[in-house]
2 protein chains.
Amino acid sequence: MSKPLSLTEENYLKTIFSLSDGQDNAVNTSALAKQINIASSSVTDMLKRLGEKGYIHYEKYQGVRLTDSGRSIAINIIRKHRLWEVFLVDKLHFSWDEVHEVAEQLEHIRSKKLTTRLYEFLNKPKFDPHGDPIPDENGNFPDMERNMLTDFNEGDTVTILGVNDDSPDFLKYLEQLNLKLGSILTINTILSHDRSMELRNQHNKTIMLSYISCQHIFCKKS
Amino acid sequence: MSKPLSLTEENYLKTIFSLSDGQDNAVNTSALAKQINIASSSVTDMLKRLGEKGYIHYEKYQGVRLTDSGRSIAINIIRKHRLWEVFLVDKLHFSWDEVHEVAEQLEHIRSKKLTTRLYEFLNKPKFDPHGDPIPDENGNFPDMERNMLTDFNEGDTVTILGVNDDSPDFLKYLEQLNLKLGSILTINTILSHDRSMELRNQHNKTIMLSYISCQHIFCKKS
DNA sequence: CATCAAATTTAGATGAGACGAATTTTTTTT
DNA sequence: AAAAAAAATTCGTCTCATCTAAATTTGATG
Ligand SMILES: [Mn+2]
Ligand SMILES: [Mn+2]
Ligand SMILES: [Mn+2]
Ligand SMILES: [Mn+2]
């Protein structure tokens, strides 16, 4: 039985996983520093330690990759984060822009039984309030096919499946436009000069979205 | 806005509150050391720091008392601890001997809104699964009148209101005897040589409890 | 009330996690 | 391929929370 990881270490592993897109891509020191909001010298320190403990493969100047054990820890943190987000929205009626900050704390609670029971209490959800997939007990993510809104064409009708940006600002913006998971939109026009989209919702209301915004919305054809 | 307390500092304040029985009794360095399971020199260090920050009144060699701000922080931690225990038992079907350890972690989650919403979700409970009172938003504990089982006499009929010992061992022991909050017992005999009690439950079953066990059970006359 | 034991504090160290400044390595530009 | 820029690492230092061992204070006992 090895000593449990510190909260800080858990956050590094989780962040490495996210920045490597769940793949085996190497992650930069500076990308981590930026994401965690810390000096890059501190990141280098921590990477050495995590490397020695066997959670990551770390070669000076070469970036970092998770080992199997690091990866499985990261996925477990993400599982807990997303389950708590579901709890906060479904049971405690938080709005989708309020949950991330609290889930950042709750994701570190250590109790196998708690995670299992919460999962059941929430009816084994597959997606969190932002449409992100929740890995199962074994760390497997549910299948899903989704693309950025920017990948579709004029005339396509799509359903919103998720967002790529959990920031309260963006989420409140979407809420205000009455855009949520499940909303159905038809692409009227894609403006060529800035690639912004003119969309039509189910009530025939027109909505304009910048290219940047469209990059933060996941959809499927419907 | 002062920097939030560390988890360690919160635990000190909570423990000082508990050891002073919620009154203004001075608490010893060594009592704290024992309870927190730490060297007493470490306690001295921490008390200095907490004193400088204004959460406690600390005079060398004279023990420690909470200030108003320290007290209110302590009560808030206890409120959260007990609310989470209710959640774990009522919603996630934990048994009363499993919840304390997890609540020790959950009590440190910082979100005013979370506490408020949880309180409402649980229907504003007044007592936790061990019969301990849950302070309200303003830090006021619900009124309650209760005495140790050892305070009653032969022939008295009492209702169990709570326990004084949250250890899994003791709680499992009670469960096994089918004793729980609300159980009604009549005191048949109090043995004079060891003050142990012979009790009768609602199904006319006889239960023997040692004096020590009786000291850990709170009751009211019924 | 002087002595001794217990409780408490002080002193000195350590490890984790953070920082900024200086240095080194890698990458990009001329 | 040299120079410049960017990225990453090393170095020295800081704070927090902890420890053990030594010194001090308190308070109990003869
Ligand atoms: Mn989130
Ligand atoms: Mn999410
Ligand atoms: Mn408890
Ligand atoms: Mn309790």
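So that the names make sense, note that chain A is the first sequence line, chain B the second, and so on, each numbered from 1.
No N or O donor and acceptor, one from the side chain of A:S42 and one from the base of C:dG17, sit under 3.5 Å apart.
When each of C:dA11, D:dT18, C:dG20 is scored by its nearest atom to the side-chain atoms of B:I38, the top-ranked nucleotide is D:dT18. Distance from the side chain of A:S30 is smallest for D:dA7 among the nucleotides C:dT10, D:dA7, C:dC19. For A:A39, whose side chain is taken as the heavy atoms from C-beta onward, the closest listed nucleotide among C:dG20, D:dA17, D:dT20 is C:dG20. Proximity note for A:T44 (side chain, C-beta onward) versus D:dA17, C:dA18, D:dT10: the nearest is D:dT10.
Note: CG (B:L7) to P (D:dA17) measures 10 Å, nearest angstrom. Here C:dA11 presents its P atom at 11 Å from CG of B:D45, a figure rounded to the nearest Å. In this entry the distance linking CG of A:L50 with C1' of C:dG17 reads 12 Å, nearest Å. In this structure, OH of B:Y61 is placed 7 Å from P of D:dT26, rounded to the nearest angstrom. The CD atom of B:E59 sits 11 Å away from the P atom of C:dT9 (whole-angstrom rounding). At whole-Å resolution of the value, CG in B:N37 and C1' in D:dT18 are 13 Å apart. If you take CG of A:N11 and P of C:dA16, they are 18 Å apart, rounded to a whole angstrom. Note: NZ (A:K60) to P (C:dT25) measures 7 Å, nearest angstrom.
Applying the Watson-Crick and G-U wobble criteria (two distances, each under 3.5 Å), D:dA3 pairs with C:dT28.
Residue whose closest nucleotide on DNA chain C sits further toward the 5' end, between B:T29 and A:S40: B:T29. When the nearest nucleotides of DNA chain D are assigned to A:Q62 and B:R49 by heavy-atom distance, the more 5′-ward of the two goes with A:Q62.
A cation-pi arrangement is found for A:K91 relative to A:F121, the charged atom lying closer than 6.0 Å to the ring centre and inside a 45° cone about the ring normal.
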**Message:** Does A:S167 form a side-chain hydrogen bond (donor to acceptor under 3.5 Å, both in side chains) with A:D165? I'd like the steps, not just the answer.
**Reply:** CA-CA 6 Å; A:S167 71; A:D165 174 354; 2.9 Å; yes

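Distances shorter than 4.0 Å separate some side-chain N or O of A:Y58 from OP1 or OP2 on D:dT9. Contact check, B:S41 against D:dA21: no side-chain N or O comes under 4.0 Å of OP1 or OP2.
Remark: the B:S72 side chain and the B:S69 side chain contain no N/O donor-acceptor pair separated by less than 3.5 Å. No side-chain donor from either of B:T44 and B:S41 sits under 3.5 Å from a side-chain acceptor of the other.
Using a 4.0 Å heavy-atom criterion, one finds that A:T8 contacts the sugar-phosphate atoms exclusively. Backbone-only contact: B:N28 has heavy atoms under 4.0 Å from sugar-phosphate atoms and none from a base. Residue contacts for A:K48: at a heavy-atom cut-off of 4.0 Å it reaches the sugar-phosphate backbone alone, with no base atom in range.
Relative ring orientation between A:W96 and A:H130 is described as parallel, the plane-to-plane angle staying below 30° on a 0-90° scale split at 30° and 60°.
For A:H100 and A:H81, the gap between ring centers is short of 6.0 Å.
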